[in-house]
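All remarks here apply to the structure that follows.
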Amino acid sequence: MTTTEAKSDTVFGQPLRRKEDAHLITGRTRWTDNIQLPGMLHLAFLRSPIAHAKITVDTAAAASYPGVVAVYSAADFGAEMGFMADAWTCHPDMKKPLNPPLATDEVRYVGEPIAVVVAESRYAANDALEAISVDYDALPAVIDVEAALADGTPLVHDALGTNQCYHLLSPGDSYEAAKAKADVVLKRRFRQQRLIPAAMEPRAVVVVPTVDDFTMYSSTQIPHVLRVLLALITGVSESKMRVVAPDVGGGFGSKIACSAEEIISLLVAKRLALPVKWNESRSESMQTVHHGRDQIQEIEIAAKSDGTLLGMKVDLIADLGAYLRLFTAGVPLFGAAMFNAIYKMEGYQFNCQTVFTNKCPTDAYRGAGRPEATFGAERMMDELAAHLGMDPLELREKNWIKHEEFPFTTISGSVYDSGNYEAATARSKELFGYDELRAEQQRRRESNDPVQLGIGVSTFTEACGLAPSRALGQLNVSAGGWERAEIRVTITGKIQVITGSTPHGQGHLTAWSQLVSDKLGVPFEDIDVLAGDTASSPQGLDTYGSRSLVVGGSAVVKACDKVIAKARRVAAHTLECDEDDLEFANGAFTVKGSPGSKMLIQECAFATHLAHNIPDGMEPSLNSTYTYDPINLSYPHGTHLCAVEVDTETGFSKIRKYVAVDDVGVVVNPLIVEGQVHGGIAQGIGQAMFEEGLYDEDGNLTTGTFVDYLIPSAADLPSYITDRTETPSTDNPIGAKGVGEAGCIASTPAVVNAIVDAVRPFGITDIPMPCTPERVWRAVSEAKKAHPHHGSAHGGAA
Amino acid sequence: MAKITVKVDGVSRSDEVEPRLLLVHYLRDVRGRVGTVVGCDTSNCGACTVLLDGQSVKSCSVLAVQADGSDVLTIEGLASTVDSELHPVQEAFRECHGLQCGYCTPGMIMASVDLLNNNPNPSEQEIREGIEGNLCRCTGYHNIVRAVQTAAATMANGSVGVTA
């Protein structure tokens, strides 16, 4: 088998142009909202304009509006509509509020769906919303996450008797022992502001009923999981339901859901026996697609005066919003094992409080828990470096896991299989011109230049491919960590790859074709990939957490191995030799020592289709499936360096240079990897400098459109310098580590560290995110007032 | 209802439409040009950008009746058939991996075509400012900017920009 393991120079690892682009650049697309069918009805949801209220709903007037077919509230569906799902019991004492898809008698956040209009057109459906009469008996809104924990505070859910979902308190002995030995103890409080994922395609659902079964098209990341959840919630049998995710316009975690709108669309289609469509507006999306982040972190680190890190203690408060979605309660725990990052330490403690408020529920957003953790760790390392007067890269090097120490079990129990922080950091320093920029920074400080230069460092790792299933079971997560693949070899020798991993922009079609072309020796062009349809791909766990290549791709490779094993039997039978005498390379079996004796894998497939002369008892097919359950997570890493020019008179920050050197293990397509890194960096910069989901004291979302919620435009961002090192994962057959979230995780601390570094001479040790010009200007102005002797950039010290 | 006649991607047709119907919904739901998509309701994202009488507009901020008598070019008209030659901007987006999920792509391409029609040799900054009204959440814009630069170079070598 050795030759089959060899990389093909022609396909694997090459920056091939994507197969999926042709239809996207010509507009021949398959977005869910493109589907139009005879008799199709359109849905519009009435949503609460009030954060917390008792409600009484009257739909009669709306039902008689022109073009309206029906109007339904919770009372019309009753028990039929079930309750929204959550998927992780994080703590034995965890509180779980019931959440009906349409509010029954109480609303708990602005945007919560109350009723649905079914009409002949989308305009008519929206017209009738205003005719639905709702009495709102306002209740006090719980907005501040810390106040929510105080005694006597109003409750989001009276039935729970508390606003706390769970409180996880880990033993602190190791941290206290480490702290006792410390020369320096530093404590900082960081706010991970609420973010709105804002995939460019708003959500859309189409449900097509036939006699007793349903096809749901949805702009979802998780068609397979969605089908199971819909079956559990509505009682419609899985075998009677097909879920299709056609072209999906981005997700970033926000389309990992079984939403109220999907549940209600299914019930309406079932009741009226007609196809229905729901397409949300951006404003609806901002209010109701789950939000991300929203944590307060208090982090304490203990170190020796030479910079040796001894321990870390994390106290976290997470704002869950009003209800639990699939991983709402678990997102903070995704970060529990990542705060210690790439560093060795003797003591660690992680405490977590999770709290209900009258806001949109939070859940996974690109990175889910790991960006928050990485931010805390990397900000603290910069703070410690500044406090000790050390170079932040030197401090990191002193404390990180050395290349020769892998595999390494971290203090929080993760096993990092491989890594080379030295190589990535050295390369990034070189590309960045680190020493020159530090020299320029010094010159600007000394000359009191109103435009100061800040340099931010982020040496990060993250955890991809949530698995193995057994470990998830031990954590009470209601999901496995496996992925399924199927390889079909057609009669004419083409390959169909069926994957349970569902793409929404990641380029599965191209990457999977490269994997299979490399393994089977079949031309790249002859390979097609079927994904995102439970009819063709009956099982899968879909796409999130950078699991596609490391888990889904590994399943593809393993399925290819089974195809080759079957083909080997056929070739041995036909060429009349032992299987051991066959070599397989470039798609052909040859008999060792007689190269003329040869059979292509496509010929083997054709022989099995004819089945005239195949080995006795052999199943006449090369088709194979494999369900792959990883043995571990994977741990990509990298070093990101950012230089920011900060105008200390206006507060305006401009990224001058951004260097990202990522190590994502073995790379199948560098073009795709680079693209993922670019997009991730931009999204992380968004958190650092632009984005914030804000509620006023009454619980109104004041950043409910793209006018108020600033996702960065091309003019706000620089071009990036990217490169990579390659340290293969030893825990999966490809050696890949995952890349989708890396840029987003690494860039936020790199940028904030840079901005803080620029203004540190004023005595400033933090700027809350997003670091807007107003916030930077205010921090500088207040620092100047508070410390007149720091009145210049030159005069200060950390 | 109002009667309008609009030429869309070279085909002229008359339709009865509600006066409040947005041009983007007219293109998608009445004329079946579903390549043009809606990404927001505040005219910020630019996913619905088309060329109206040669100028890029956000078709969510134009009423269909305002387009009466006009010539509209959508992404589907830019390369007139699936098999026809791609516009240099389309080609460059593919070449430079200037798209991931692809939802912003038609609008981004149409905005870039308009940019290059007006400024055949833009600087990086001019490109960034020129497509500022089109939001992308996947690419970080890096490869989009490269794509527009690549297209500019191709078009300077002989290909001609397209106008509606």
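Protein chains get the first letters and strands the later ones, always in sequence-line order, with residue 1 at the start of each. Keep in mind it's a predicted model, so treat the numbers as computed, not measured.
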Between the side chains of B/Glu91 and A/Arg17, is the shortest nitrogen-to-carboxylate-oxygen separation below 4.0 Å, so that they form an ion pair? yes
If you tally heavy-atom pairs under 4.5 Å against chain B, which of A/Gly251, A/Ser283, A/Ser281 wins? A/Ser283
Bottom line for A/Gln36: the part with an atom under 4.5 Å from chain B's heavy atoms is side chain
Cut-off 4.5 Å, heavy atoms of chain B, and the answer for A/Ile681 is neither
Identify which part of A/Gln676 has an atom lying under 4.5 Å from any heavy atom of chain B, answering side chain, backbone, both or neither. both
Can you tell me if A/His42 and A/Tyr123 form a side-chain donor-acceptor pair at under 3.5 Å? no
Is chain B contacted by the side chain of A/Pro712, its backbone, both, or neither, given a heavy-atom distance below 4.5 Å? both
With only heavy atoms counted, which part of B/Leu99 is less than 4.5 Å from chain A, the side chain, the backbone, both or neither? both
Heavy-atom pairs under 4.5 Å with chain B are the metric here; pick the option from A/Glu20, A/His23, A/Arg282, A/Glu674 that has the most. A/Arg282
Indicate whether any N or O donor in one side chain lies under 3.5 Å from an N or O acceptor in the other, for B/Ser14 and B/Lys3. no
A/His508 versus A/Ser548, side-chain donor and acceptor atoms under 3.5 Å: yes
Run the salt-bridge test on B/Glu132 and B/Arg128 with the 4.0 Å N-O cut-off and return the result as yes or no. no
When the 4.5 angstrom heavy-atom criterion is applied to B/Val38 and chain A, the contacting part is backbone
Do B/Ser56 and B/Asp114 meet the criterion of a side-chain donor-acceptor pair at a distance under 3.5 Å? yes
Considering only heavy atoms and a distance below 4.5 Å, find which of A/Ala22, A/Gly680, A/Gly250, A/Ala198 pairs most often with chain B. A/Ala198
Which residue in the set A/Thr502, A/Ile222, A/Val248 passes side-chain contact (heavy atoms from CB on, under 4.5 Å) when paired with A/Lys255? A/Val248
Please classify the contact between B/Glu124 and chain A as side chain, backbone, both or neither, with a heavy-atom cut-off of under 4.5 Å. side chain
Before you tell me yes or no, could you show the steps for A/Glu280 and A/Arg203 under salt bridge (Lys or Arg N to Asp or Glu O under 4.0 Å), namely the whole-Å CA-CA distance, both residues' side-chain angles and the distance that decides it to 0.1 Å? CA-CA 6 Å; A/Glu280 77 178 343; A/Arg203 291 177 300 163; 3.1 Å; yes
Where on A/Pro503 is there a heavy atom nearer than 4.5 Å to chain B: the side chain, the backbone, both, or neither? neither
So what's closer than 4.5 Å to chain A heavy atoms on B/Thr139: side chain, backbone, both or neither? backbone
Winner by heavy-atom pair count (cut-off under 4.5 Å) against chain B, out of A/Thr29, A/Ile711, A/Thr705: A/Ile711
Salt bridge or not for A/Arg30 and A/Glu201, using N-O below 4.0 Å? no
Part of A/Asp247 within contact of chain B (heavy atom distance under 4.5 Å): neither
Considering only heavy atoms and a distance below 4.5 Å, find which of A/Gly249, A/Ala714, A/Gly507 pairs most often with chain B. A/Ala714
Electrostatic pair B/Asp15-B/Arg13, nearest N-O below 4.0 angstrom: yes
Under 4.5 Å, counting heavy-atom pairs only, tell me which of A/Asn279, A/Leu717, A/Thr722, A/Ile685 racks up the most with chain B. A/Leu717
